[in-house]
Amino acid sequence: QVQLVESGGGLVQPGGSLRLSCAASGSIFSINAMGWYRQAPGKEREFVATIPSSGETNYATSVKGRFTISRDNAKNTVYLQMNDLKPEDTAVYYCNFRLRPYIGYAVHDYWGPGTQVTVSS
């Protein structure tokens with residue numbers, strides 16, 4: 001079993017900052033990539049950022065230059081630093097780990113429960 005625990009969401013004014021964290025625990029043999037996705041009310045879940053084992057980061061156009069994804073391999077944790085937040089960033093944010101739980105097993109996607117980020121004055 002793999003468990004993902006997210007933290008750091010909340011209410012912030014436009015232009016403010018938040019830092020999300022997501023820690024994975026349980027049966028983890030190797031991690032291919034970590035990432036963040038979000039889902040706004042009435043919309044599909046969308047890609048925000050990802051950081052594979054190579055460390056090369058990728059961002060959605062809408063957040064590039066404002067958000068920074070990073071990882072701590074020793075802690076199996078991924079972070080999302082969000083600066084200059086805008087009302088359109090309001091959504092439930094989900095972390096994603098693409099990992100192999102045991103040696104010889106296939107790689108699977110695991111998702112956190114989601115954390116609400118609300119940007120409003």
Side-chain angles (χ1 to χ4, degrees):
Q1 290 281 16
V2 176
Q3 298 81 39
L4 302 184
V5 178
E6 301 171 0
S7 60
L11 172 65
V12 64
Q13 293 186 342
S17 298
L18 283 175
R19 189 191 193 210
L20 305 183
S21 301
C22 178
S25 62
S27 303
I28 300 172
F29 175 71
S30 62
I31 299 174
N32 287 21
M34 305 176 188
W36 290 94
Y37 292 72
R38 67 186 182 186
Q39 187 167 16
K43 295 188 176 181
E44 297 287 322
R45 187 175 299 188
E46 65 175 7
F47 164 78
V48 175
T50 188
I51 181 167
S53 56
S54 65
E56 182 177 352
T57 56
N58 296 283
Y59 297 95
T61 301
S62 59
V63 307
K64 196 173 293 185
R66 300 187 297 121
F67 291 11
T68 302
I69 188 171
S70 60
R71 60 191 282 172
D72 185 331
N73 292 329
K75 296 181 180 180
N76 289 338
T77 299
V78 62
Y79 306 95
L80 186 68
Q81 177 66 44
M82 305 184 293
N83 298 328
D84 189 23
L85 282 160
K86 305 176 180 182
E88 51 265 40
D89 294 318
T90 295
V92 177
Y93 283 70
Y94 298 91
C95 62
N96 168 267
F97 277 63
R98 181 160 293 178
L99 63 84
R100 193 183 308 275
Y102 302 99
I103 187 171
Y105 276 51
V107 173
H108 287 288
D109 280 317
Y110 294 85
W111 294 90
T115 184
Q116 177 70 46
V117 171
T118 302
V119 185
S120 175
S121 55

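Just so you know, residue 1 is the first one in the sequence shown, and it goes up from there. For the numbers below, each heavy atom of this structure counts, side chains included, while hydrogens, waters and symmetry mates do not.
- A 4.5 Å side-chain heavy-atom check between Tyr94 and Gln39 finds at least one atom pair inside the cut-off.
- Every residue was checked against the ring-ring contact (aromatic ring centres under 6.0 Å, His included) condition with Phe29, not counting sequence neighbours, and none meets it.
- Looking only at side-chain heavy atoms (C-beta outward), Glu6 and Ser21 stay at 4.5 Å or farther from each other.
- Under a 3.5 Å cut-off, the side chain of Thr90 and the backbone N or O of Val119 do form a donor-acceptor pair.
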### Query
When you look at Cys95 and Trp111, which way does the side-chain contact (heavy atoms from CB on, under 4.5 Å) test go after all the steps?
CA-CA 6 Å; Cys95 62; Trp111 294 90; over 6 Å; no
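- Once rounded to the nearest 0.5 Å, the distance linking SG of Cys22 with CG of Asn76 reads 10.0 Å.
- Put simply, Val48 and Leu85 are part of the same group of oily side chains (I, L, V, M, F, W, Y) that touch within less than 4.5 Å, one to the next.
- Two residues are said to be in side-chain contact when any heavy atoms from C-beta on lie closer than 4.5 Å; Val78 and Trp36 meet this criterion.
- In plain terms, the two heavy atoms of Ala23 and Thr77 that are nearest each other are CB-OG1, 3.6 Å.
- A cation-pi arrangement, defined by a distance under 6.0 Å to the six-membered ring centre and an angle within 45 degrees of its axis, is present between Arg19 and Tyr79.
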### Query
Going through the distances and angles, do Ser17 and Asn83 end up as a side chain to side chain donor-acceptor pair (under 3.5 Å)?
CA-CA 4 Å; Ser17 298; Asn83 298 328; 2.9 Å; yes
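- A continuous path of hydrophobic side-chain contacts links Phe67 to Ile51 [ILVMFWY only; heavy atoms under 4.5 Å].
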### Message
One pair to check against side-chain contact (heavy atoms from CB on, under 4.5 Å): Asp89 and Val117. What are the steps and the verdict?
### Response
CA-CA 8 Å; Asp89 294 318; Val117 171; 5.5 Å; no
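- Judged purely by distance below 3.5 Å, without hydrogens or angles, the side chains of Arg38 and Tyr93 pair a donor atom with an acceptor atom.
- The two atoms that bring Ala106 and Pro101 nearest to each other are O-CD, 3.7 Å, heavy atoms only.
- A donor-acceptor distance shorter than 3.5 angstrom exists from the side chain of Thr50 to the backbone of Met34, with no hydrogens or angles considered.
- Checking Asn32 against Ser53 by side-chain atom types alone, no donor-acceptor pair falls below 3.5 Å.
- In this structure, Thr61 OG1 and Phe47 CZ are separated by 9.5 Å, a value rounded to the nearest 0.5 Å.
- In this structure the side chain of Ile31 reaches within 4.5 angstrom of the side chain of Phe97, judged on heavy atoms.
- Remark: side-chain polar atoms of Gln13 are not paired, donor with acceptor, to backbone N or O of Ser120 under 3.5 angstrom.
- In this structure, Arg66 CZ and Gln81 CD are separated by 12.0 Å, a value rounded to the nearest 0.5 Å.
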#### Entry: side-chain contact (heavy atoms from CB on, under 4.5 Å) assessment of Val12 paired with Thr118
CA-CA 6 Å; Val12 64; Thr118 302; over 6 Å; no
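- Atom CD of Glu44 is surrounded by 12 or fewer heavy atoms from other residues, nucleotides or ligands within 6.0 Å.
- Under the 6.0 Å distance and 45° angle rule, Arg98 does not count as a cation-pi partner of Tyr110.
- The closest side-chain heavy-atom distance from Thr68 to Tyr59 is below 4.5 Å.
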